[in-house]
Amino acid sequence: QVQLVESGGGLVQAGGSLRLSCAASGRASSSYAMAWFRQAPGKEREFVAAINWSGINTMYADSVKGRFTISRDHVKNTVYLQMNSLKPEDTAVYYCAGDRDYSALGEEFEYWGQGTQVTVSS
């Protein structure tokens, strides 16, 4: 069993930055691929970014490329999402997800956090 706990969400003005954290615990969690997804009110969940177990490979949604960076710290068993140049359309609940397979598809991920709210004001 793997537990994921997100933190770091909040309210920020457009153009600002936030860093989300996802602390993982549980057997073999440090060897899992990790990803961030988000869901805005009235919209479907969408992929944001993913990182493979080693941290060498990453991928991003087109909407966040060049603004967001995903990274991981194996010592702390934590995954980060650095979000810069935030826009009002980035407002959503952000979820951390983990799985043995590296993917951008939400249905591929077995473990999910509870989510953290990010609100970007214009």
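Sequence positions, counted from 1, serve as the residue numbers for this chain.
- Not a single donor-acceptor pair under 3.5 Å links the side chain of His74 to the backbone N or O of Gly55.
- Taking NZ of Lys76 as the reference point, atom OG of Ser30 lies at 15.5 Å (rounded to 0.5 Å).
- Under the 30°/60° scheme for interplanar angles, the aromatic rings of Tyr95 and Trp112 are found to stand perpendicular.
- Of all non-hydrogen atoms in Arg100 and Glu110, the two that sit nearest each other are NH1-OE1, 4.0 Å.
- Summarising the geometry, atom OG1 belonging to Thr69 is positioned 6.5 Å from atom CG belonging to Asn84; distances are rounded to the nearest 0.5 Å.
- Using a 4.5 Å heavy-atom cutoff, the side chains of Trp36 and Glu6 are in contact.
- With hydrogens and angles ignored, the 3.5 Å screen pairs a side-chain donor or acceptor of Thr116 with a backbone N or O of Gly9.
- In summary, Lys87 and Asp90 do not engage in a salt bridge, as defined by a charged side-chain N under 4.0 Å from a carboxylate O.
- Checked by atom type, the side-chain pair Tyr94/Arg38 shows a donor-acceptor distance below 3.5 Å.
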Legend entry - Residue pair Gln1, Tyr111: steps toward the side-chain contact (heavy atoms from CB on, under 4.5 Å) verdict: CA-CA 8 Å; Gln1 188 74 12; Tyr111 300 104; 4.2 Å; yes

Inset, instruction - Using the side-chain contact (heavy atoms from CB on, under 4.5 Å) rule, take Thr91 and Val118 through it: C-alpha gap first, then chi angles, then the decisive distance, then the call. - result: CA-CA 5 Å; Thr91 295; Val118 171; 5.9 Å; no

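- The hydrophobic cluster containing Met59 does not contain Val64, counting ILVMFWY residues as joined when their side-chain heavy atoms lie under 4.5 angstrom apart, directly or transitively.
- Expressed to the nearest 0.5 Å, how far CG of Asn52 lies from CG of Asp101 amounts to 11.5 Å.
- Residue Ile56 holds its CD1 atom at 11.5 Å from CZ of Arg72, rounded to the nearest 0.5 Å.
- If you check the side chains of Asp73 and Thr78, you find no donor sitting under 3.5 Å from an acceptor.
- In this structure, the side chains of Leu20 and Met83 come closer than 4.5 Å at one or more pairs of heavy atoms.
- Between Val79 and Ile70, some side-chain heavy-atom pair lies under the 4.5 Å cut-off.
- The two residues Leu81 and Ala49 have their closest heavy-atom pair at CD1-CB, 4.2 Å.
- For the pair Cys22 and Met34, the tightest heavy-atom approach, listed with the atom from each and the gap, is SG-CE, 4.0 Å.
- The shortest heavy-atom contact between Ala14 and Ser122 is CB-CA, 4.3 Å.
- Closest heavy-atom contact between Arg45 and Gln39: N-NE2, 3.8 Å.
- Note on Val2 and Tyr80: separate hydrophobic clusters, where clusters join Ile, Leu, Val, Met, Phe, Trp and Tyr whose side-chain heavy atoms are under 4.5 Å apart, directly or indirectly.
- Distance CZ/Phe68 to CG/Leu86: 5.0 Å, rounded to 0.5 Å.
- The aromatic rings of Phe47 and Phe37 sit perpendicular to each other, their planes meeting at more than 60°, with 30° as the lower class boundary.
- Distance check, rounded to the nearest 0.5 Å: OH of Tyr60 to CD1 of Ile51 gives 7.0 Å.
- Using modelled atom types and a 3.5 Å distance limit, the side chains of Ser121 and Gln13 yield no donor-acceptor pair.
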